[in-house]
Amino acid sequence: MKVATWNINGVKARIESALTYLRQENPDVICFQEIKSVDENFPAGAFEEIGYNVAVHGQKGFNGVAILSKLPFDDVTQRLPGADDDEQARYIEAVISVPAGALKVISIYAPNGNPLGTEKFSYKLAWLKRLEQHARKLLAEEAAFVIAGDYNIIPEPVDAKRPAAWTEDALFQPESRAAYRRLLNEGLTDAVRLCHPGPGIYTFWDYQAGAFQKDDGIRIDHLLLSPQAADRLKTAGVDRFTRGWEKPSDHVPVWVELDL
DNA sequence: ATGGCGCGTCAAACGCGA
């Protein structure tokens, strides 16, 4: 079973690319981030026509996440616990029945957090703390799950072509990196890093300054697996070829193959 | 050396991203 995640930077702008990718790569599940659409305007029909069930948590103009699955959803939850007043659409969780039992798939769009020293950075850290607390609860259930999405965290210097360029950025702050490391310490597996230990694995290249042509990238989109999902890990990868398409997203899809 | 884009909202710049 192939589970992918892709920050598409606007579903309306990326609908043709998304459909092409799904037809070509045929993932069983894909998590989208930054759909920038309200639920009612999400083009669910176009995805249903090629065989996907659709679960959406959108908002007007910004943010927004979705999960598409060939297998039906048993349950869908649209909120990350811990802040009932949080209006930003950054989280959706779905349970899918698979031959080996059940798989919980979570699509996240973690806050960017720039600029430093503002409420945006404290919101980022608070949101990541909520994610950690929720992950702990899920880990206690000892079930297979994957938290997939745009974490907006560069975990290590090896995850950037030019780490020195990011030292004043929220994505590479010690506090952000520590939040990611805590998820690993608590037992989650970074699937892409496990399968590709070396340098040069990136998932985002800025639109500006010819970043992709220079391969001036960063790795900020991740798939974290629970121990029960990691037991089933076969391979993981990054589909950087989509960054060379016409009108690309600045992020590319990342995926895992699980033996489920 | 520096800066170089793109999306959505709305109908001209602006917020936002990373």
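Naming: A, B, ... by sequence-line order, numbering from 1 per chain. Values below: all heavy atoms of this structure, side chains included; hydrogens, waters and symmetry mates excluded.
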With the threshold set at 4.0 Å, does a side-chain nitrogen-carboxylate oxygen contact exist between A/E132 and A/R136?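 Yes, charged N to carboxylate O under 4.0 Å.
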Given the P atoms of B/dA11 and B/dG15, what is the spacing between them in whole Å?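 Taking atom P in both B/dA11 and B/dG15, they lie 15 Å apart.
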Separation between the P atoms of B/dC7 and B/dA18, rounded to whole Å: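 Per the computed distance, 14 Å lies between those P atoms.
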Starting at atom [atom1] of [X], determine the distance to atom [atom2] of [N], rounded to an integer number of angstrom.
X: A/Y123; N: B/dG17; atom1: OH; atom2: C1'; value: 14 Å
X: A/F204; N: B/dC16; atom1: CZ; atom2: P; value: 17 Å
X: A/W245; N: B/dG6; atom1: CH2; atom2: C1'; value: 18 Å
X: A/R90; N: B/dC16; atom1: CZ; atom2: P; value: 11 Å
X: A/N114; N: B/dG17; atom1: CG; atom2: P; value: 9 Å
X: A/R177; N: B/dA18; atom1: CZ; atom2: C1'; value: 17 Å
X: A/N7; N: B/dC16; atom1: CG; atom2: P; value: 17 Å
X: A/Q33; N: B/dG17; atom1: CD; atom2: C1'; value: 14 Å

Has [X] got a side-chain N or O lying under 4.0 Å from the OP1 or OP2 atom of [N]?
X: A/Y109; N: B/dA18; value: yes
X: A/N112; N: B/dG17; value: no
X: A/H251; N: B/dA18; value: yes

Select from A/Q208 and A/Q88 the residue whose nearest nucleotide in DNA chain B is closer to the 5' end of that strand.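 Mapping each residue to its closest nucleotide by heavy atoms, the 5'-most match is A/Q208.
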Pairs under 3.5 angstrom only: tabulate donor-acceptor contacts from the side chains of residues 40-51 of chain A to other protein residues two or more places apart or in another chain.
none

Within residues 141-154 of chain A or reaching into it, pairs that qualify as side chain to side chain donor-acceptor pair (under 3.5 Å) - sequence neighbours excluded: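 As it turns out, the side chain to side chain donor-acceptor pair (under 3.5 Å) pairs with a partner in residues 141-154 of chain A, which skip direct neighbours, are A/N7-A/D150.
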Restricting to pairs with a member in residues 166-179 of chain A, which pass side chain to side chain donor-acceptor pair (under 3.5 Å), not counting sequence neighbours?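 Counting only pairs at least two positions apart or across chains, the side chain to side chain donor-acceptor pair (under 3.5 Å) contacts touching residues 166-179 of chain A are A/N114-A/D169, A/E156-A/R177.
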Does the plane of the ring in A/Y180 sit parallel, tilted or perpendicular to the ring in A/H222? Use 30° and 60° as the thresholds.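 Rings of A/Y180 and A/H222: tilted, as their planes differ by 30° to 60°.
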Closest non-hydrogen atom pair between A/L183 and A/A135, with its separation: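 For A/L183 versus A/A135, the nearest heavy atoms are CD2-CB, 4.1 Å.
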For [X], check side chain to side chain contact (heavy atoms under 4.5 Å, CB included) against everything at least two apart and list the hits.
X: A/K161; result: A/Y202, A/D215, A/D216
X: A/A236; result: A/A191, A/V192, A/C195, A/V256
X: A/A83; result: A/D85, A/D86, A/R130
X: A/T242; result: A/W6, A/Y21, A/W245, A/V252, A/P253

Would you mind telling me which of B/dA18, B/dC16, B/dG4 lies closest to the side-chain atoms of A/A209?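 My answer, after comparing the listed nucleotides, is B/dG4.
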Using a 4.0 Å cut-off on heavy atoms, which residues in residues 211-220 of chain A reach DNA chain B? List them by number, or say none.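 Contacting residues: A/K214, A/I218, A/I220.
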Give each protein N/O atom lying under 3.5 Å from an N/O atom of nucleotides 7-9 of chain B, with the pair distance.
residue: B/dC7; atom: OP1; partner: A/R14; partner atom: NH1; Å: 3.4

Determine the contact category for A/N41: base if any of its heavy atoms lies under 4.0 Å from a base atom, sugar-phosphate if only primed atoms, P, OP1 or OP2 are that close, otherwise nothing.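 Result for A/N41 = nothing.
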Reckon A/D250 touches a base, only the sugar-phosphate, or nothing at all at heavy-atom distances under 4.0 Å?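 Answer is nothing: A/D250 stays at 4.0 Å or more from every strand.
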